[in-house]
Colleague: 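Here it is, the structure in full.
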Amino acid sequence: MEWGKPDGYGDVNISDIPLELQEKIANYDVIKAYAAQYLPGQTIGLGLGADLYLENEAYRQVADDNFQMFTTGNAMKHESVVTNKGELNFDKIDAFLAAIPTDIPVYGHNFLWHTQQRQQYLKSLIAPEMKVETGDDEKCENVITNSGFENGNTGWVFNGSGYNGTIVDEGYASAHALQCTMTATSTGNYDSQLFWNLPSALEQGETYYLAFAAKSDPAINVQVIGQNQADYDIAIYKETFTMTDSWKLYEYELTFEDDKVIDKIGLQFGGTPNSILYLDDFKFGKKKETEVNYCTNGSFESEKGLDGWELANSGAGISIVELEDAISKTKVLKMVSSETSANAWSLQLRSPEIPSFPNQKVQISFWVKSEQAGKGRIALPGWSNETPYMDWLGTGGNWTEFFETTTEWQHITILPQKYNTDFKEGTDTWKLQLDFGYLPNVTYYIDDIKVTLVEEAPTAKSLTRSGGISYIIKPIEEKRAALLGAMETWIKGMAEHEGMERVVAWDVINEPISDNNQWRGVNGNFSSEDATPTEDETTGLNLNWANGHFYWGYYLDKEYAVKAFEYARKYTKEGTKLFVNDYNLEINPNKLQALIDMVKYIDENNENHRPIVDGIGTQMHLIAKSITKEQIDAMFQTLAATGKLIRVTELDVRLEENKTPTADDLMLQADIYRWVFESYKQYIPAEQQSGITIWDITDDTSWYKEYSPCIFDANLTRKPAYKGVCDGIAGRDISEDFTGDDWKAGK
């Protein structure tokens, strides 16, 4: 038999483990065989990781062989199931339920907790309505209140050691700008980042507009990124722009589809030592839908196909087709040149009539690609120059008659007035003409043609700025109603989901009592890293809670606990047992009493004024060198007096941190596991015994792996603690029954 420790923690010296003990442990049967024999009224459970169970065959086999019930560590928690939109994603749960043996029930963990909650969604229910004052010409509801660095660097977050940022009197459209000077050792784009913390996280399905003015010496790349304020590993990486040595306004639209909490936006631009980047006029916010497209059926989605468009020269065919990567929706324009096509007008299509706008600027934009290399142009009948040469791709290169196409979509945006052409005097309408006949046998796809009125980017220091943000705070009763509605929807959705009939019990509320023995969240009672939320009409709502934390009791007071049990009782199947669950009850009698008082409060204050809490769960994450049997006995005696079902929900026994356990350490750990089972059976009456759940299988996968807390080692080999569990279940040393035949069989 091999004894091992996870990598980095050393090895147990096999000589330290008596050979006789090794042989005894090897001959023990599986745990659930002893549970069925000696504790037929209980279930011995296992807390496990759903991912590990699904992916690791050896882990799964040990779990199936030894335990009678499973608790998922994270898969059933609020943050794991609820999306940022409040929808429920059951993919992981469904996979787990389909994989476990049909005779193994599940213990639900959990409905409500103060952590691992989908904070962004819950916050959205109670957050005030944000009002952004913008000018008529603004393209977004700009939330950047120091867009032009006119207030120095106020509000901006500088991240990375790859640059120094200073305010200079050299703005794009204002008096100031930010000068970012890269260090001589700047190595990656990530070592030079600039962020603005957003007043609320990005919303799925929402389109945002971002703009910034910039120049650099020499030319460098600048990438748009978003991150989570509390966890930089939660990030999105978007468009990269290449700077020039003169000011230019860069614009970008982002439709946010990620299921991530992104609440700060910015740029990263490191990696070019000693370069200098200037930034100004940074805007970001929800895109304003003010743009009018004067090109009718420019997305080609009309049920009438080419409705309004005129075939001038159809070449080998012009039609509307569906394309998987269509830009606008599902349909695009398809134009195919003939075998003899040689001139631009050999394949030609004219748009519906478009109004003329004398003395105003008009922008034409569209997307185009081809099945092989091609050429095309836009002609402008009704303009002073109907076939202008242009810098079609906006690269700053020469003006040309045509643009070239490739197999990749490219976006072409032109402003005809920049190229010595304008509306003919007295012309009321004109048509946009697609000329794609330059080359034979080329298939082109065109989509999302737009003709819009635009204002040229400002060049003087007179840019009108906006970003006046105010908030309309929701009444407390509206917040309470929204949260109770979300709570009920969550509990109902979980309880009634197909397959959840296998869940025989639930931790309805997990860890509701703080270490100061008060209701968590109620009356501003938070964990040490959290503080009281702040909210006003100027700054909106700041929860001041760590990512994933949400204290239901702060907004709902003690009612949150009562309602949680009412909803759980209403929607779970008949016979489901409902528990509260907490930790350190064996070493903190005052916390234990506070939990018992909470149970009494819930039983007395629910709508029917009757007992509604079935049981109390004690986690029992024990520390070997400090826990005593007397403490364990005292806790079980107190719990027994409640008359409730009692369950040990998360049992493990920690040894010394990052230390290779000695044989004495392992034997002490085995004794403590045995004590728990023996004390539980002695002091909890049989009718109140729900059972004991051991928290994870191996030292290598445990949340406390540096403490070697489990009954199997990293190699899924039984430790002395395994014997301690089995002897505790039986109430005696099972190995005393072993005979010579057992040793010979080597069970």
Side-chain angles (χ1 to χ4, degrees), residues 1 17-47 62-70 103-105 107 586 618 620 622 624 627-630 632-633 635-637 639-640 645-653 663 666-697 709-713 716-747:
M1 176 178 179
I17 308 300
L19 179 60
E20 183 181 359
L21 176 58
Q22 296 176 48
E23 294 173 340
K24 287 180 179 179
I25 295 172
N27 278 281
Y28 270 68
D29 205 341
V30 294
I31 291 173
K32 67 182 180 183
Y34 297 123
Q37 179 180 355
Y38 295 104
L39 298 175
Q42 297 183 30
T43 50
I44 305 304
L46 173 68
V62 172
D64 292 347
D65 287 347
N66 283 279
F67 298 95
Q68 300 168 305
M69 182 169 68
F70 293 154
D103 62 340
I104 293 184
Y107 186 99
E586 66 282 346
T618 173
M620 299 198 75
L622 306 178
I627 190 65
T628 67
K629 189 174 186 304
E630 289 72 22
I632 295 171
D633 292 345
M635 177 193 68
F636 283 134
Q637 291 175 45
L639 285 170
L645 288 174
I646 305 301
R647 183 166 193 88
V648 177
T649 55
E650 303 180 16
L651 176 63
D652 54 24
V653 180
L666 295 171
M667 292 309 299
L668 174 61
Q669 185 180 58
D671 286 342
I672 294 172
Y673 271 106
R674 177 174 52 80
W675 292 348
V676 172
F677 279 86
E678 291 176 346
S679 181
Y680 180 81
K681 292 191 302 178
Q682 180 178 356
Y683 294 110
I684 304 298
E687 64 274 14
Q688 292 177 246
Q689 293 177 8
S690 170
I692 294 175
T693 291
I694 295 172
W695 207 240
D696 214 333
I697 301 175
C710 296
I711 64 175
F712 290 84
D713 71 7
L716 288 171
T717 304
R718 296 171 179 179
K719 293 163 58 178
Y722 184 95
K723 180 179 185 300
V725 167
C726 296
D727 290 348
I729 291 172
R732 61 190 184 82
D733 186 344
I734 295 172
S735 66
E736 292 179 353
D737 295 343
F738 295 163
T739 67
D741 290 337
D742 292 310
W743 307 125
K744 183 178 180 180
K747 291 182 181 178

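The first residue of the sequence shown is numbered 1, and numbering continues consecutively from there.
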Colleague: Going through the distances and angles, do Y680 and W675 end up as a side chain to side chain contact (heavy atoms under 4.5 Å, CB included)?
Modeller: CA-CA 8 Å; Y680 180 81; W675 292 348; over 6 Å; no

Colleague: Could you check whether any side-chain N or O of Q688 sits under 3.5 Å from a backbone N or O of A640, counting only pairs where one atom can act as donor and the other as acceptor?
Modeller: yes

Colleague: Is there side-chain contact between I632 and S679, with at least one heavy-atom pair below 4.5 Å?
Modeller: yes

Colleague: Indicate the atoms forming the closest heavy-atom contact of C726 with I734, along with that distance.
Modeller: O-CD1, 3.4 Å

Colleague: Using side chain to side chain donor-acceptor pair (under 3.5 Å) as the criterion, list what pairs up with E650, not counting sequence neighbours.
Modeller: N581, H621

Colleague: Between R718 (side chain only) and D713 (backbone N and O only), is there a donor and an acceptor less than 3.5 Å apart?
Modeller: no

Colleague: Can you name the nearest heavy-atom pair linking Y28 to S735, along with the distance?
Modeller: OH-N, 3.3 Å

Colleague: So, Q689 versus K681: side-chain donor-acceptor pair below 3.5 Å or not?
Modeller: no

Colleague: Measure the spacing between CD of Q37 and NZ of K32 and express it to the nearest 0.5 Å.
Modeller: 15.0 Å

Colleague: Any salt bridge (charged side-chain N to carboxylate O under 4.0 Å, His left out) pairs touching residues 723-732, not counting sequence neighbours?
Modeller: K723-D727, K723-D733, R732-D737

Colleague: Report the residues that fulfil ring pair (Phe, Tyr, Trp, His ring centres under 6.0 Å) with Y107, sequence neighbours left out, ordered by chain and then residue number.
Modeller: F579

Colleague: For A721 and Q669, which heavy atoms make the closest approach, and how far apart are they?
Modeller: CB-OE1, 4.0 Å

Colleague: Within this structure, what is the CG-CG distance for the pair D696 and L46, rounded to the nearest 0.5 Å?
Modeller: 6.5 Å

Colleague: Taking C-beta and beyond as the side chain, do T43 and Q68 meet within less than 4.5 Å on heavy atoms?
Modeller: yes

Colleague: Could you check whether any side-chain heavy atom of I711 comes within less than 4.5 Å of a side-chain heavy atom of I31, counting everything from C-beta outward?
Modeller: yes

Colleague: Are R647 and T618 linked by a side-chain donor-acceptor pair shorter than 3.5 Å?
Modeller: no

Colleague: Check whether any side-chain heavy atom of I25 sits under 4.5 Å from a side-chain heavy atom of P720, and report yes or no.
Modeller: yes

Colleague: Can you tell me how far CG of L622 sits from OH of Y673, rounded to the nearest 0.5 angstrom?
Modeller: 8.0 Å

Colleague: Show the numbers, then the answer: is there a side chain to side chain contact (heavy atoms under 4.5 Å, CB included) between L21 and M667?
Modeller: CA-CA 10 Å; L21 176 58; M667 292 309 299; 3.5 Å; yes

Colleague: Are any non-hydrogen side-chain atoms of F712 and T717 less than 4.5 angstrom apart?
Modeller: no

Colleague: Can you measure from CG (L666) to CG (D671) and round to the nearest 0.5 angstrom?
Modeller: 11.0 Å

Colleague: Carefully, step by step, assess Y683 and L639 under the rule side chain to side chain contact (heavy atoms under 4.5 Å, CB included).
Modeller: CA-CA 9 Å; Y683 294 110; L639 285 170; over 6 Å; no

Colleague: Would you check if the distance from the ring center of Y34 to the ring center of F677 is below 6.0 Å?
Modeller: no

Colleague: I'd like to know whether T693 forms a side chain to side chain contact (heavy atoms under 4.5 Å, CB included) with L651, so could you lay out the CA-CA distance, the side-chain angles of the two residues, the decisive distance to 0.1 Å, and finally the verdict.
Modeller: CA-CA 6 Å; T693 291; L651 176 63; over 6 Å; no

Colleague: Shortest non-hydrogen contact from G45 to F67?
Modeller: O-CD2, 3.4 Å

Colleague: Which pair of heavy atoms, one from I729 and one from Y38, lies closest together, and at what distance?
Modeller: O-CB, 3.4 Å

Colleague: To the nearest 0.5 Å, what is the distance between CD1 (I694) and CE (M620)?
Modeller: 12.0 Å

Colleague: Quick check for you: to the nearest 0.5 Å, what is the distance between I627 atom CD1 and L668 atom CG?
Modeller: 11.0 Å

